[in-house]
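Read the structure below first, then the notes.
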Amino acid sequence: MKNRVVLRGGSVIDGPGLRCADVAIEAETVSEVGRVDARAGDEVVDVSGRLVLPGFIDAHSHADGLLSDPDVTLALLRQGVTTVIGGQDGVSYAPGDGEYASEYFAAINGRHPTYRGGGVAAYLASVDGTSALNAGYLVPAGTVRFEVCGRRSLPASDDERRRMRELVAQGMSDGALGLSTGLDYTPGIFQDAAEIAALCEPVARAGGVYVTHMRGGYEANTATGTAEIAEISRLTAGTTGSRPPVHISHFHADADIVRDQLAELEAAGVDATFDAYPYTRGCTLLGMPLLPPEVSALPASEAVALIADPSRRAELREKCTLRAVTSASLGPEWADMITLAHLAAPELAWAHGLTLREAAVRADVEPIDFALDVLAASRMECSAVMAVRSPRTGVELARIFAHPGQMGGSDGIFVGAHPHPRAAGSFSLFLREYVRERATWTWSDAVHHLSSSPARRFGLGRRGIVESGAVADLVIVDPEAVADTATYESPRGHGVGIDDVFVAGIRVLADGERTDALPGRGLRRSRQI
């Protein structure tokens, strides 16, 4: 029998505060919390002056295909993240053979190292024993639509909806946590409320959650997205008799808008939560704010050919410029607000970290031409960090994070030479700024927002708590030292102040370094609380 591990001399959350307590780990679970008497053979870890907290759950991650990458897992563990929720924004590998996501979302999720088919069951199995972290998975509605309807923009027929429902139902049976949509991406942009409600039917019956990147760009357009959520919920209830709980992805808008729209959803009978990251800038595909949807929907080879076609170029330049200038989040200064994060063309490596305008000046072309040229050269595999016209202050973000329905979600994208710092810094920043410096959260609040609430929302069983019988996904936090080091200029800096992490009772981070242990699992949905 494996020796017991005892975390000696730390503090754990006890209601609204902290209490000094030892924590004993046996096999995969917490066996005791309190005064733990020594036994022969115990492995004792001195955690004096530190906090023993449940592992953090990243409610919105794009590490789907990167969980065996040691650099990615180290960046997550140094923030205290022990579980990520993938399958986000309606596009990921399963179901199907993974090729659609590997092309269209290559700049966001990357290409999965082993998954080539087999559905959600095969994806979850690919995590078992291959990673230091756990991963849950949402059935991506856009991928489901692609498998049945291909790239076309026309509404799905009744038979196609039936086949899509069957794919979602199979994914839920395989252990998926729910359904995700990305209604500004393709093919999600072509899915209407009735089609999404049809896909939510097996989710509601299985007790899963509907997770959505809302339509319309958030911010001042948020009411459009939340009205559609209410309609989807109503339609689902009409056929199943129940409404699936809803989780809104990366909810970025003014605090009053966030709070007002959540209150309207509650009044409409929708049980809604959301995730939000502690940065003002976003990150997405370079083509998303520029290219017309009908171009984004093309296979990469066809989109590249269109961009390179002299007879189409002038019209495309005009359409792309108009989309950028009239965008609610970009506007006339758009070329100064886009920083190049990932360009798959090796000859363009010099442009990483430059704004689109800076890079265009160096190339001696107009910004729109440089954007189109790099999309073509990279076969559409490009991402960018997006500034906003009116950045929110820390005070404004604090009001959003104080909402009890908020959860920590990094929207972390690890692909690229100059990624957004949220991938490496979000959870450390939450603890530094919003617990220690601003006191928006107590340590008990931090556990609610970053651990226990997402564990309940996504059906992750006995996680998100430190008590006897809980899964021993644990992080050891130095409350005075925890901090982020990733910045927009140097986005890969690791968190500090979290040097020891356990997953399923196994030490995966020791003194700030990864161990060789790979106890991570693909987490299947559970109703056990």
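- Here Arg234 pairs with Glu231 in a salt bridge; the nearest charged N to carboxylate O distance falls below 4.0 Å.
- Here the side chain of Thr236 pairs a donor or acceptor atom with the backbone of Ile232 at under 3.5 angstrom.
- Of the N and O atoms on the side chains of Thr83 and Asn134, at least one donor lies less than 3.5 Å from an acceptor on the other residue.
- Donor-acceptor pairing under 3.5 Å is lacking for the side chains of Thr224 and Asn221.
- Under the 4.0 Å criterion applied to side-chain N and carboxylate O atoms, Arg259 and Glu264 are not assigned as salt-bridge partners.
- Ring geometry for Tyr123 against Tyr93 counts as parallel: the plane angle stays under 30°, on a 0 to 90° scale with 60° as the upper cut.
- Between Arg145 and Glu195, at least one side-chain N (NZ, or NE/NH1/NH2) sits under 4.0 Å from a carboxylate O, which counts as a salt bridge.
- In the model, His112 has no side-chain atom that pairs as donor or acceptor with a side-chain atom of Asp64 under 3.5 Å.
- The closest side-chain donor-acceptor pair between Thr240 and Glu201, if any, does not fall under 3.5 angstrom.
- Taking the six-membered ring for Trp and thresholds of 30 and 60 degrees, Phe427 and Phe56 have nearly parallel ring planes, at less than 30 degrees apart.
- No donor-acceptor distance shorter than 3.5 angstrom exists from the side chain of Asp174 to the backbone of Gly171, with no hydrogens or angles considered.
- The pair Arg438-Glu396 does not count as a salt bridge, with every side-chain nitrogen at least 4.0 angstrom from each carboxylate oxygen.
- Note on Arg161 versus Asp158: no salt bridge recorded, every NZ/NE/NH1/NH2 to OD/OE distance being 4.0 Å or above.
- Checked by atom type and distance alone, the side chain of Ser444 pairs as donor or acceptor with a backbone atom of Gly15 at under 3.5 Å.
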Next item on the list: Could you check Val81 against Leu77 for side chain to side chain contact (heavy atoms under 4.5 Å, CB included), going step by step and ending with a plain yes or no?
Entry: CA-CA 5 Å; Val81 174; Leu77 293 172; over 6 Å; no

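- Defined by atom type and a distance below 3.5 Å, a donor-acceptor pair is present between the side-chain atoms of Asp89 and His62.
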Donor-acceptor pairs are to be reported for all side-chain atoms of residues 275-282 against protein atoms at under 3.5 Å, with residues two or more places apart or in another chain.
residue	atom	partner	partner atom	Å
Asp275	OD1	His250	N	2.7
Asp275	OD2	His247	NE2	2.8
Tyr277	OH	Arg422	NH1	3.0

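- Under the 4.5 Å side-chain criterion, counting only non-hydrogen atoms from C-beta, Phe190 is not in contact with Leu154.
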Next item on the list: Apply side chain to side chain contact (heavy atoms under 4.5 Å, CB included) to Trp443 and Leu431, showing your working.
Entry: CA-CA 8 Å; Trp443 284 104; Leu431 300 182; 3.7 Å; yes

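- The pair Asp473-Arg521 does not count as a salt bridge, with every side-chain nitrogen at least 4.0 angstrom from each carboxylate oxygen.
- No hydrogens or angles considered: a donor-acceptor pair under 3.5 Å links the side chains of Tyr185 and Thr284.
- A donor-acceptor pair under 3.5 Å is formed between the side chain of Ser180 and the backbone N or O of Gly87.
- Annotation: salt bridge (Lys or Arg N to Asp or Glu O under 4.0 Å) contacts involving residues 104-117, sequence neighbours excluded, comprise Glu99-Arg111.
- Electrostatic pairing of Arg392 and Glu219 counts as a salt bridge here, judged by a charged N lying under 4.0 Å from a carboxylate O.
- Between the side chains of Thr212 and Thr181, at least one donor-acceptor pair of N or O atoms lies under 3.5 Å.
- One finds a salt bridge joining Arg457 and Asp271 here, because a Lys/Arg side-chain nitrogen approaches an Asp/Glu carboxylate oxygen to under 4.0 Å.
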